[in-house]
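To find a chain, count down the sequence lines: A is the first, B the second, and so on, and within it residues start at 1.
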Number of protein chains: 2
Amino acid sequence: MTETFGIGELAREFGVTARTIRFYEDLGLLTPLREGQKRVYRGRDRVRLKLILRGKRLGFSLAETREMIELYDAPAGEVGQLRLFRDKIAAKRAELDGKRRDIEAALADLDRAEERCRARLGELEDRPATGAGAEAPGLGG
Amino acid sequence: MTETFGIGELAREFGVTARTIRFYEDLGLLTPLREGQKRVYRGRDRVRLKLILRGKRLGFSLAETREMIELYDAPAGEVGQLRLFRDKIAAKRAELDGKRRDIEAALADLDRAEERCRARLGELEDRPATGAGAEAPGLGG
DNA sequence: CAAAGCCTTTACGTTTACGTAAACGCGAGA
DNA sequence: TCTCGCGTTTACGTAAACGTAAAGGCTTTG
């Protein structure tokens with residue numbers, strides 16, 4: 001437990017540069033400890049970095065991702081705060097649901113494209129003369 | 001059929017500026033007709049714009065989105081081309097699947113956060129004294 | 001006929017998210 | 001002692017995706 005990491009270590013693990021990790025710190029997204037001058041990251045920071053990169057993959061800006069991370073580690077404040085919080089969570093979820101629908105649609109489009117592609121390939125492999133130029137017909141797997 | 005649109009019309013419909021639409025044209029993503037100097041967009045461009053914006057919501061760069069759109073309207077070339085094409089489609093699908101998994105994970109995280117939030121709210125509404133400051137206890141719906 | 005709207009092109013500005021280089025510290029090892 | 005290797009700060013550079021003016025054209029409505 002209480003495992004720690006160097007900046008290069010994290011950079012290698014997640015396929016980013018140290019510059020990137022320092023940049024996230026500048027934005028307040030990561031808060032490593034220090035051993036002398038050197039940054040020391042703990043599991044918490046590693047998790048956060050993972051969340052940041054996930055947010056990026058989903059097209060969120062770093063600001064948006066920060067908001068989302070803040071939603072993850074809830075504050076346990078007073079009732080008003082908690083309600084606001086719950087509403088924010090609901091909003092983000094709606095956004096994520098939208099993205100999911102977008103993904104389904106994109107996947108469906110790709111499926112159609114692939115189907116057309118596959119059908120056309122079937123035609124060409126059956127009778128290589130039809131349509132375009134010929135190739136090695138049916139020898140491969 | 002053959003309905004056409006002005007640039008402002010499309011801009012309003014999709015919540016972007018005309019500048020944005022012209023920018024996409026600069027990148028070769030849209031290819032409107034012209035009536036004199038004015039751009040005239042047809043259904044095809046409207047669909048493309050929709051696809052571009054979907055790509056953006058999913059965190060794809062405009063370059064990536066262009067590639068994806070090119071996959072949608074298949075070329076029907078020769079066998080080699082088609083196979084390359086099919087592979088590209090598979091790759092994009094893998095990427096989209098990854099994003100979907102990211103979304104599921106993010107939604108799961110949000111669910112956990114919401115559950116904690118809800119539980120805490122339940123506590124506070126049952127016995128408002130526990131933990132933090134009080135509010136109007138149980139009058140609302 | 002003048003102002004209001006919608007469109008045009010050209011061009012510089014801005015934000016986000018880093019890249020890249022310079023110059024330095026510091027411990028390990030040949 | 002020198003030089004890797006890893007880390008540091010400071011600072012300017014950059015690509016992507018537009019924003020935002022400036023200056024003008026066409027048309028239609030009062």
Side-chain angles (χ1 to χ4, degrees), chain A residues 3-42 45-46 48-70 92 95 99 102 106, chain B residues 3-42 45-46 48-70 92 95 99 102 106:
Chain A
E3 192 184 4
T4 64
F5 315 87
I7 193 170
E9 207 170 345
L10 282 186
R12 248 168 286 130
E13 175 175 1
F14 291 105
V16 300
T17 69
R19 173 70 175 92
T20 296
I21 296 181
R22 291 194 201 100
F23 180 66
Y24 294 160
E25 181 179 349
D26 288 344
L27 299 188
L29 288 167
L30 299 177
T31 53
L33 304 177
R34 297 279 179 148
E35 265 177 23
Q37 267 211 319
K38 295 193 177 180
R39 292 168 173 83
V40 175
Y41 299 88
R42 289 166 312 168
D45 296 296
R46 188 169 163 279
R48 279 190 155 235
L49 180 52
K50 202 183 295 190
L51 292 177
I52 293 168
L53 298 178
R54 189 175 77 187
K56 282 206 58 183
R57 287 195 300 273
L58 292 180
F60 289 107
S61 73
L62 292 176
E64 287 170 322
T65 295
R66 165 166 46 211
E67 290 175 29
M68 208 151 79
I69 291 181
E70 282 167 5
K92 277 288 175 188
E95 198 175 348
K99 281 181 196 264
D102 280 333
Chain B
E3 191 184 3
T4 64
F5 314 87
I7 193 170
E9 208 169 344
L10 282 186
R12 248 166 287 131
E13 176 176 1
F14 291 104
V16 299
T17 69
R19 173 70 175 91
T20 295
I21 295 180
R22 291 193 201 101
F23 179 66
Y24 294 161
E25 181 178 349
D26 289 345
L27 298 188
L29 288 168
L30 299 177
T31 53
L33 304 175
R34 296 280 180 148
E35 265 178 24
Q37 269 211 317
K38 295 192 177 179
R39 292 169 173 82
V40 175
Y41 300 86
R42 288 166 312 168
D45 297 296
R46 188 169 163 279
R48 281 191 154 237
L49 180 52
K50 202 182 295 189
L51 292 176
I52 293 168
L53 298 177
R54 189 175 77 187
K56 282 206 58 182
R57 287 194 301 272
L58 292 181
F60 289 108
S61 72
L62 292 177
E64 288 170 321
T65 295
R66 167 166 45 212
E67 290 175 28
M68 208 152 79
I69 291 181
E70 282 166 7
K92 275 289 174 187
E95 197 174 348
K99 280 179 196 268
D102 280 332

key: Neighbours of DNA chain D within residues 15-24 of chain B, by heavy-atom distance under 4.0 Å   = B:Thr17, B:Arg19, B:Thr20, B:Phe23, B:Tyr24

request  = Could I get the full list of side-chain hydrogen bond (donor to acceptor under 3.5 Å, both in side chains) partners for A:Thr20, not counting sequence neighbours?
outcome  = A:Thr17

remark   = Residues at least two apart in sequence or cross-chain that pass salt bridge (Lys or Arg N to Asp or Glu O under 4.0 Å) with B:Glu95, listed by chain then number, are B:Lys92

inquiry  = Heavy atoms within less than 4.0 Å of DNA chain C: which residues of residues 30-38 of chain B have one? Give them sorted by number.
reply    = B:Arg34, B:Gln37, B:Lys38

inquiry  = Give me each pair satisfying salt bridge (charged side-chain N to carboxylate O under 4.0 Å, His left out) with a member in residues 21-37 of chain A, each pair once, sequence neighbours excluded.
reply    = A:Glu25-A:Arg34, A:Glu25-A:Arg39

Residues forming a side-chain contact (heavy atoms from CB on, under 4.5 Å) with B:Arg12, sequence neighbours excluded = none

note = Those residues at least two apart in sequence (or on a different chain) that pass salt bridge (Lys or Arg N to Asp or Glu O under 4.0 Å) with A:Arg48 are A:Asp73

query = For the pair made of CG in B:Leu29 and C1' in D:dA17, what is the distance, rounded to whole Å?
reply = 12 Å

N/O donor to acceptor pairs below 3.5 angstrom from side-chain atoms of residues 50-59 of chain B, sequence neighbours left out:
residue: B:Arg54; atom: NH1; partner: A:Asp109; partner atom: OD2; Å: 3.1
residue: B:Arg54; atom: NH2; partner: A:Asp109; partner atom: OD2; Å: 2.7
residue: B:Arg54; atom: NH2; partner: B:Tyr72; partner atom: OH; Å: 2.8
residue: B:Arg57; atom: NE; partner: A:Asp102; partner atom: OD2; Å: 2.6
residue: B:Arg57; atom: NH2; partner: A:Asp102; partner atom: OD1; Å: 3.0
residue: B:Arg57; atom: NH2; partner: A:Asp102; partner atom: OD2; Å: 3.4

remark   = Those residues at least two apart in sequence (or on a different chain) that pass side-chain hydrogen bond (donor to acceptor under 3.5 Å, both in side chains) with A:Arg46 are A:Glu13

ask   = What pairs with A:Leu27 under side-chain contact (heavy atoms from CB on, under 4.5 Å), at least two apart in sequence or on another chain?
value = A:Phe23, A:Leu29, A:Leu62, A:Arg66

ask   = Which nucleotide of DNA chain C is the first, and which the last, in the 5' to 3' direction, to come under 4.0 Å of a heavy atom belonging to chain A?
value = C:dA17 to C:dT20

Proximity to DNA chain D (any heavy atom under 4.0 Å), residues of residues 48-67 of chain B only = B:Lys56, B:Ser61, B:Leu62

